[in-house]
Amino acid sequence: MADRWDDEKLFNALREAMSARRAVSTAFVEAAKSAYAWRNIDAELAQLTYDSSRDHERSVILRSETASIRALTFTSAHLAIELEVAEHSLIGQVIPPQEGRIETQPRVGVPTATQIDQIGCFSIDPIPASPFCLHCRTDDGTDLVTGWITL
Amino acid sequence: MRDDPSVVALVARAAEGDLSAWNELVERYAPLVWAICARYRLSSQDTEDVGQNVWLRLVEQLEFLREPAALPGWLATTTQRECLRLLRVARRYERFGSVPEELTRRTDDTVIDEEIIAAERNAALRAAFAELPAQCQELLALFLSDPPRSYAEISAMLQMPIGSIGPQRARCLERLRRTSSLTAFIDGEDAGAPLQTSGGEAHG
């Protein structure tokens, strides 16, 4: 390839390569590097399947009536985690309801753990600094982790 | 290209717990994931969501990749799948759902293949640039700056006679051509299967 290219063609290809790298935000690259922290965690990845901030139609109605409440749902094959952002805390429930522990993992720093009660409810207080992710282990052995959450 | 030994080595090292190998994989291929999100016209928030899912999946899969050399293809396919999934989630709550369909048609496999080929070439060129001696990097960086600098400016900045800048630039480009990163890439391209197959089932 480059053998057949004259200097200008090679230089233009180099320019393109450099600008493709520059286009990528630092936050995007840093988040990708941080993902490696999950290497030894044998947990299933729960997908974001609902985010009220993407629900344009409903948020228009909510905004005129009440302060809009951010709600998120993460789903895996075995379990769903529903989250609501309250004033000072994060309220959640695992479905189907079961006891366990939930860990809040900030991108930088140590995780904090919270108990999940018999009906699957938990409360994380105060609201963790974004971005963070949740690592949930229920008593029946389900182990799952969400992607990074930014509120 | 399909058997790029450096990618195979990086994947193996990352699977064994080498953080610097992981970071290098990210540096190389983050632009590929980013470019595919851009093809789907995702917002920056959505691009970050897709990115984190793709890299978390790769962490899970590092030890199990059937063909580590095909990592760019695996990343491209996984990113495409995550983009489509996110668009489906968004569409579920929108009144008009025709936009993602149009995007799906435009962003077909051919486009993904083009992105993979461009990502491989760009990664090889950036690695080649990193191999250059500092003086060449400095000189070429001035030519690459935006807006481009004139020979007079470059001459003043590098305290180099204006007449020697052109020949020096040519020498640096020649060194770039001869770097191991670029020659390995060229050899791989010549020896490998036709480029069009790079998006095949091997990455599934």
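Residue numbers begin at 1 in each chain, while the letters A, B, ... track the order of the sequences.
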Notebook entry, point to check: Considering only heavy atoms, which portion of B:Ala123 lies under 4.5 Å from any heavy atom of chain A: side chain, backbone, both, or neither?
Noted result: neither
Checklist line | Rounded distance [0.5 Å steps], CZ in B:Arg126 versus CE in A:Met18 | finding: 7.5 Å
Check: Nearest heavy-atom pair of A:Val29 and B:Ala30: which atoms, and what distance?
Finding: CG2-CB, 4.1 Å
Notebook entry, point to check: With a 4.5 angstrom heavy-atom cut-off, which part of A:Ser25 approaches chain B: side chain, backbone, both or neither?
Noted result: both
Checklist line | Choice from B:Glu48, B:Arg57, B:Glu63 maximising heavy atom contacts with chain A below 4.5 Å | finding: B:Arg57
Check: Where on A:Ala31 is there a heavy atom nearer than 4.5 Å to chain B: the side chain, the backbone, both, or neither?
Finding: neither
Notebook entry, point to check: Would one find more than 12 heavy atoms of other residues, nucleotides or ligands at under 6.0 Å from atom CZ of B:Arg175?
Noted result: no
Next item on the list: Carefully, step by step, assess B:Arg177 and A:Asp7 under the rule salt bridge (charged side-chain N to carboxylate O under 4.0 Å, His left out).
Entry: CA-CA 9 Å; B:Arg177 242 185 229 108; A:Asp7 280 4; 2.9 Å; yes
Next item on the list: Apply salt bridge (charged side-chain N to carboxylate O under 4.0 Å, His left out) to A:Glu44 and list each qualifying residue two or more places apart in sequence or on a separate chain.
Entry: none
Note to self: Which residues in residues 129-147 of chain B have any heavy atom closer than 4.5 Å to a heavy atom of chain A?
What the structure shows: B:Phe129, B:Leu140, B:Phe143, B:Leu144
Next item on the list: Quick one: pull up CG in B:Leu86 and OG1 in A:Thr49 and give me the separation to the nearest 0.5 Å.
Entry: 11.0 Å
Check: For chain A, which of B:Ala35, B:Pro31, B:Gly17 has the most heavy-atom pairs under 4.5 Å?
Finding: B:Gly17
Margin query: Nearest 0.5 Å, please: how far is CZ in A:Phe11 from CZ in B:Arg169?
Written below: 5.0 Å
Notebook entry, point to check: Does any heavy atom of chain A fall under 4.5 Å from the side chain of B:Glu27, the backbone, both, or neither of them?
Noted result: both
Item checked: Proximity breakdown for B:Thr47 and chain A, heavy-atom pairs closer than 4.5 Å -> both
Next item on the list: State which residues pass salt bridge (charged side-chain N to carboxylate O under 4.0 Å, His left out) with A:Glu103; sequence neighbours excluded, sorted by chain then number.
Entry: A:Arg137
Next item on the list: Give a yes or no on whether the backbone of B:Trp55 and the side-chain of A:Tyr36 come within a donor-acceptor separation of less than 3.5 Å.
Entry: no
Checklist line | Structural part of A:Glu8 lying under 4.5 Å from a heavy atom of chain B | finding: side chain
Margin query: Only pairs of heavy atoms separated by less than 4.5 Å count here; which of A:Ala32, A:Ser34, A:Gly147 has the most with chain B?
Written below: A:Ala32
Check: Between A:Ala17 and B:Leu125, what is the shortest heavy-atom contact and its length?
Finding: CB-CB, 3.9 Å
Checklist line | Contacting region of B:Leu32 [heavy-atom separation from chain A under 4.5 Å] | finding: neither
Item checked: Euclidean distance, A:Leu10 CG relative to B:Leu176 CG, rounded to 0.5 Å -> 5.0 Å
Checklist line | B:Arg121 CZ to A:Leu14 CG distance, which is reported to the nearest 0.5 Å | finding: 11.5 Å
Note to self: Which one wins on heavy-atom pair count under 4.5 Å against chain B: A:Ala20, A:Ala37, A:Ala23?
What the structure shows: A:Ala23
Margin query: Using every non-hydrogen atom in the two residues, find where A:Ala13 and B:Asn122 come nearest and quote the distance to one decimal.
Written below: O-OD1, 4.3 Å
Check: Which atom pair, heavy atoms only, marks the closest approach of A:Leu48 to B:Asp49?
Finding: CD2-OD2, 4.1 Å
Margin query: Listing request: all side-chain hydrogen bond (donor to acceptor under 3.5 Å, both in side chains) pairs with a residue in residues 109-125 of chain A, at least two apart in sequence or in separate chains.
Written below: A:Arg101-A:Gln115
Check: How far does CD of A:Gln47 sit from CG of B:Leu56, to the nearest 0.5 angstrom?
Finding: 10.0 Å
